[in-house]
2 protein chains.
Amino acid sequence: MKLAVTVHDVARRAEVSVSTVSRSFTMPELVQASTRERVLEAARALGYRPNRAARSLITGRTANIGVVVPDLANPFFPSVVKGIQARARESDYAIFLADSEEDPRLEAELIYAMAKQVDGVIVCSARMGDADLKRVSESTPLVLLNRRYANLPAVLMDTADGSRQAVQHLAALGHTRCAFLSGPPTSWSNKERRRGLRLAARAFGVEVVELGPFAPNFDAGLQAADIAIAAEVGAIVAFNDLMALGVLSRLNQRGLSVPDDVSVVGFDDIAMASMITPSLTTVAMPTEASGRAAVESLVDQLAGRGDADGGQHQRSVPTQLIVRASTAPPGHPVSNQWDGRKPLSRKGR
Amino acid sequence: MKLAVTVHDVARRAEVSVSTVSRSFTMPELVQASTRERVLEAARALGYRPNRAARSLITGRTANIGVVVPDLANPFFPSVVKGIQARARESDYAIFLADSEEDPRLEAELIYAMAKQVDGVIVCSARMGDADLKRVSESTPLVLLNRRYANLPAVLMDTADGSRQAVQHLAALGHTRCAFLSGPPTSWSNKERRRGLRLAARAFGVEVVELGPFAPNFDAGLQAADIAIAAEVGAIVAFNDLMALGVLSRLNQRGLSVPDDVSVVGFDDIAMASMITPSLTTVAMPTEASGRAAVESLVDQLAGRGDADGGQHQRSVPTQLIVRASTAPPGHPVSNQWDGRKPLSRKGR
DNA sequence: ATCATTCTTACAAACGTTTGCAGAAACTGT
DNA sequence: ACAGTTTCTGCAAACGTTTGTAAGAATGAT
């Protein structure tokens, strides 16, 4: 089926040595234009594709990068992976993907298994402990995404600033008391979001009550909504959009109007956020951009450029609040100017 | 950083030859228990991991499988990939992932680029033409997912039967006239869904009007809803859930009640389908199962078992209608028994 | 004790590349 | 015409495995 056409076949047809064929591809400027032409022609005619296994055996480079994600079913990660894969292809890297199924042990195991066939691996929202992380990082070049450890290269979404934007937005609308529905306690993102929230709360004179922790999904949002309402807040900031969607659903079910009775803000800006009614105000995470940044960081590291820039291994990439229809000034009276901004709203009654 | 510990190092430490080390791993029964023990001990002490590039160079097998998807951002595909990756790992395969960005040319190119470092590739919803497909299939073992070509191995979701279930469901509710919002004309899934719909329409005495084609997304659903209403149908079957969500949104916006005024059915059963209000009746596609099936098909093919079973290369995997709150008997009068089935519905007025 | 048989292990040749080294050819300036 | 450069190409040795062949040791049958 797959008839292996090797460098030797090409060499024979072009009547040159194998080294010339090899060089025609990897160091074209070293071989005379006319012969190079002849070689390339022969290669094309034969359908030659270099065997990367053989190449990597001698060069030590594989031109592959590994990617580990906790759960592909979480819409956040495919988006990151998409960014990674696009940027990787630009630098002629292919990507190896592994799903750790949220299992910290499996996570480390997968990285070890990959190690030999990749030049480095990007670990998204690493769940494993610091000890494992340290060990793994000693055997393979790593880039962390949304996780910080020692001074391992990392790209970190500036989610704390996203919190600031959310609070500032709510404060500007006139809110003075809001709830934060906390996510998984071990999550770096959750810590950052909470930290940012506290800082901003003080700065803008908003009182924040922290509830939870909750699981970062729709059902937890249903549960959390009641608790938030009982806390008598005018606005709810959920750990992520899935939770926020749950909150929206439950509030609606209880006959409370969003944003008239209570404002809701999420994190992530998943596709659904703009499709739901009312559309969700949320902090957009730069998923694709971060994926790209992670690849760049890894490529730099592999090229030895990592240490050049004074140990500046951790890049922060900005987040942005997307204001939609789920936030408004507090209190029942609905000003007309707000009606105009939620044309899809069902709250006409 | 990555200190290469080779089979030679292990051999030296265990005081045996390299071949014995190799065989201790690949054909353990051929080496005496005592020496094997010594070898494994040495390997563990040194942290030896076989270099797969070197191995594949000689064996011709890579233990990798390639996966090509049109668009990772479409929630359908991560789910398939998850199934693939889980099943692949069970058979000690790692997966290579590539996103073709819906570009048929890039699709073929990616497969060629992968070819040398994988044993075979799974192409999901292939967008490329038959000619390219033929050419590619001659250079690499392929398994198609939701695409049929000649007698290439394929796993096909029985989406036509899903259509049948949807129509039968609507007929049982008393519907006699419904719309199908068609998806991309070149899509195999679209053809199948339409085919199944026509068949079932005749069998169950339901009149189906076909509208479209539309893009398979939310915005197209907004657009399509009005057209369907103008066609005076009592039920709408959308090409996929995203479109159905758009339909729901637009109907709501126009003051029409779902399911009281019109019933809506989607395809795919994306996570959102059960979170929205009213929750969406939809035909669940066996995404993970299909991913697994594709891997099995590929593994069989690679083991040479492919031809044994009489050319039965194309497996069909069943779909299932999930009845939720977006379908009900036609007409305005709402029977009480239906109120009970949509507790989350906002339609209390 | 001898021979045939089975076990166990080592040697060395592959696999398809890349690359250091050196030789050949073509220029250059005198 | 000659030595000194530069440009181009080929030879052969790696890279880390697997595996066919064969040699030595141990076993069993005669």
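Predicted model, so just to flag it, every value in this text is computed and none were measured. Quick note on labels: first sequence line is chain A, next is B, and so on, each numbered from 1.
Between B/T35 and C/dT9 there is a side-chain polar atom (N or O) within less than 4.0 angstrom of OP1 or OP2. At C/dT18, one or more side-chain N or O atoms of A/S22 fall inside 4.0 Å of OP1 or OP2 (strictly under the cut-off).
Think of the region where chain A sits on DNA chain D: with heavy atoms and a 4.0 Å cut, that region ends 5' and 3' at D/dC8 to D/dG16.
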### salt bridge (Lys or Arg N to Asp or Glu O under 4.0 Å) assessment of B/D132 paired with B/R105
CA-CA 9 Å; B/D132 278 323; B/R105 278 178 50 82; over 6 Å; no

### Message
Could you go through B/R44 and B/E41, starting from their C-alpha distance and side-chain angles, then the distance that decides it, and tell me whether this counts as salt bridge (Lys or Arg N to Asp or Glu O under 4.0 Å)?
### Response
CA-CA 5 Å; B/R44 193 149 26 85; B/E41 163 59 26; 3.1 Å; yes

### A/F76/A/N146 under side-chain contact (heavy atoms from CB on, under 4.5 Å): CA gap, chis, key distance, verdict
CA-CA 12 Å; A/F76 182 82; A/N146 276 2; 4.1 Å; yes

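By the 4.0 Å N-to-carboxylate-O rule, A/E138 lies close enough to A/K134 to be salt-bridged with it.
At a threshold of 4.5 Å between non-hydrogen side-chain atoms, the residues B/F25 and B/P50 do not count as touching. Under the 4.5 Å side-chain criterion, counting only non-hydrogen atoms from C-beta, A/H313 is not in contact with A/S297. At a threshold of 4.5 Å between non-hydrogen side-chain atoms, the residues A/D119 and A/Y93 count as touching.
For the residue pair A/R38 and A/S34, no side-chain donor N or O sits within less than 3.5 Å of a side-chain acceptor on the partner.
No more than 12 heavy atoms of other residues, nucleotides or ligands lie within 6.0 Å of CD in B/E15, so this atom counts as exposed by the packing criterion.
Residues B/Q314 and B/A150 come closest through the heavy atom pair NE2-O, 3.3 Å.
Where B/S19 and B/I58 each meet DNA chain C at their nearest nucleotide, the meeting point lying more 5' is that of B/S19.
Among the protein residues, A/T20 comes within range of the sugar-phosphate backbone only, with heavy atoms under 4.0 Å from sugar or phosphate atoms but none that close to a base. Looking at heavy-atom distances under 4.0 Å, B/T59 makes contact with sugar-phosphate atoms alone, never a base.
Sorted by residue number, the members of residues 23-32 of chain B with any non-hydrogen atom under 4.0 Å from DNA chain C read B/R23, B/L30, B/V31, B/Q32. Residues of residues 47-54 of chain A having a heavy atom closer than 4.0 Å to DNA chain C, listed by number: A/Y48, A/R49, A/P50, A/N51, A/A54.
In this structure, OG on A/S22 lies 7.5 Å from CZ on A/R55, to the nearest 0.5 angstrom.
Distance NE2 (A/H8) to C1' (C/dT18): 12 Å, rounded to an integer number of Å.
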